[in-house]
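Working notes for the structure below.
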Protein chains: 2
Amino acid sequence: MYSIGAMSKVTGVKVPTIRYYEDIGLLPEPGRNAGNQRRYDQAGMDALGFVKHARDLGFALEDIRALMGLDGQLGDDCAEADQIARTQLQNVRDRIAKLEQLATELERISHLCDGGNGGCCKVLTALGDHGQCVGEHGRADI
Amino acid sequence: MYSIGAMSKVTGVKVPTIRYYEDIGLLPEPGRNAGNQRRYDQAGMDALGFVKHARDLGFALEDIRALMGLDGQLGDDCAEADQIARTQLQNVRDRIAKLEQLATELERISHLCDGGNGGCCKVLTALGDHGQCVGEHGRADI
DNA sequence: TGTAGGTGCTCTAGTCACTAGAGGTTCAAG
DNA sequence: CTTGAACCTCTAGTGACTAGAGCACCTACA
């Protein structure tokens, strides 16, 4: 049996975050000891590990909820889980593409001003004027 | 003179967002007409355009506030603006690196399950077990 | 001049995924 | 038995908006 602090140490998830996951129903309510403190078993630890790993991979909590709902069902759970993972992969690839455009633009802007030019900053001008941009860059939904 | 709706159309920033920017002091309060509606001049339009472009480039509102504070000052504003832009560029590059690790990991996980295997999903197993991961991937602070 | 509907106003509350703090209780080591 | 770390609940805050309620106003057309 683990205390919430032990769970936190083992998984690397902060204590208030564990309680938060329980609040929103992502983790099942664990048992309590005589003094009303949470006591987790191995299943609780595994569930938290799953959430942690999926969060590290950028899955939204709602995706994780869906993935956990699938686990243990028979039938098409694999197809659904795979679909969620592939969607996530596409999201990540899209974000990378967006960020690469952004990096290009920021490099251009930074190079405008390698020294100082006193009072008329080209960086500020470039930021104010999208027309100067070389490529089209949309919003960075980062 | 522009109404808030006209500002929104020209810049692509939504009306409630413009009001929000004003609320937090990022944009100066514009004048009002007899019926208490906001009326913007060209300077107001330029300021909103600056914010929009900087947001598109991924700058935080606080960074934008700092950049706008610099504009018009004499002296070292260029160095400071350049510094903020370079920091932002570094952030973007870091995020790209993180996301590329993630994409690799997600590809690996997706490939585990190209068909269906009924009832014992390897995607779910892989998500549950960080030990299976090929490289080290930290949290995707996306 | 009347009216209809589009636009504007303020205010509150919700989103996501936590984080921080207050103020109290319980546990474990010495 | 005492001390201090860990735990409890509850509320509120973060960033950058978004949604909705319930009004007031403005403009075009008849």
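Quick note: numbers below take in every heavy atom, side chains included, and nothing from hydrogens, waters or symmetry partners. Below, chains carry the letters A, B, ... as their sequence lines are ordered, and counting in each starts from 1.
Contact check on Glu22(B) versus Arg38(B) returns a salt bridge, with a Lys/Arg side-chain nitrogen under 4.0 Å from an Asp/Glu carboxylate oxygen. For Asp23(A) and Arg19(A), the salt-bridge test fails: no basic side-chain N is under 4.0 Å from an acidic carboxylate O. Using a 4.0 Å cut-off between charged side-chain N and carboxylate O, Asp56(B) and Lys52(B) make a salt bridge.
Side-chain N/O atoms of Arg38(A) include none lying less than 4.0 angstrom from OP1 or OP2 on dC7(D). Distances shown here put a side-chain N or O of Thr17(A) below 4.0 Å from the OP1 or OP2 atom of dT19(C). In this structure, Ser3(A) reaches the dC7(D) phosphate: one of its side-chain N or O atoms is under 4.0 Å from OP1 or OP2. In this structure, Lys14(A) does not reach the dC18(C) phosphate: none of its side-chain N or O atoms is under 4.0 Å from OP1 or OP2.
Put simply, CG on Asp23(B) is 12 Å from C1' on dA16(D), counting in whole angstrom units. The interatomic distance linking Asn36(A) (CG) with dC10(D) (P) rounds to 10 Å, in whole Å. Rounded to whole Å, the distance from NZ on Lys52(B) to P on dA16(D) is 15 Å. Remark: P of dA16(D) and CG of Asp63(B) are 9 Å apart, rounded to the nearest angstrom. One interatomic measurement links the two molecules: CZ of Arg39(A) to P of dA28(C), which rounds to 6 Å at whole-angstrom precision. Taking atom CG of residue Asn33(B) and atom C1' of nucleotide dC25(D), one finds them 9 Å apart after rounding to whole Å. Atom C1' of nucleotide dA16(D) and atom CD1 of Ile18(B) are separated by 15 Å, given to the nearest angstrom. In this entry the distance linking OH of Tyr40(A) with C1' of dC7(D) reads 11 Å, nearest Å.
To the nearest 0.5 angstrom, Arg55(B) atom CZ is 10.0 Å from Leu26(B) atom CG. Here the straight-line distance linking atom CD of Gln101(B) with atom CD1 of Ile96(B) works out to 13.0 Å at 0.5 Å rounding.
If you check every strand for non-hydrogen atoms under 4.0 Å, Arg32(A) touches sugar and phosphate atoms only. Nucleic acid contact class of Arg19(A) (heavy atoms, under 4.0 Å, all strands): base.
Nearest nucleotide to the Tyr21(A) side chain, out of dC18(C), dC8(D), dT18(D): dC18(C). Among dC26(D), dC7(D), dC18(C), the nucleotide with an atom closest to any side-chain atom of Gln37(A) is dC7(D). For Ile4(A), counting side-chain heavy atoms from C-beta on, the closest listed nucleotide (dT18(D), dC18(C), dC7(D)) is dC7(D). Closest to the side chain of Tyr20(A), from the set dC18(C), dC8(D), dC17(D), is dC18(C). Checking dC8(D), dC17(D), dA17(C) against every side-chain atom of Leu61(B), the shortest atom distance belongs to dC17(D). Considering only the side chain of Arg55(B), dC17(D) comes nearest among dT19(C), dT18(D), dC17(D).
More than 12 heavy atoms of other shown residues, nucleotides or ligands fall within 6.0 angstrom of atom CD in Gln42(B).
Place Val15(A) and Ala60(B) on DNA chain D by their nearest nucleotides, and Val15(A) ends up nearer the 5' end. The residue among Gly35(A) and Gly5(B) whose nearest nucleotide of DNA chain C is located toward the 5' end is Gly5(B).
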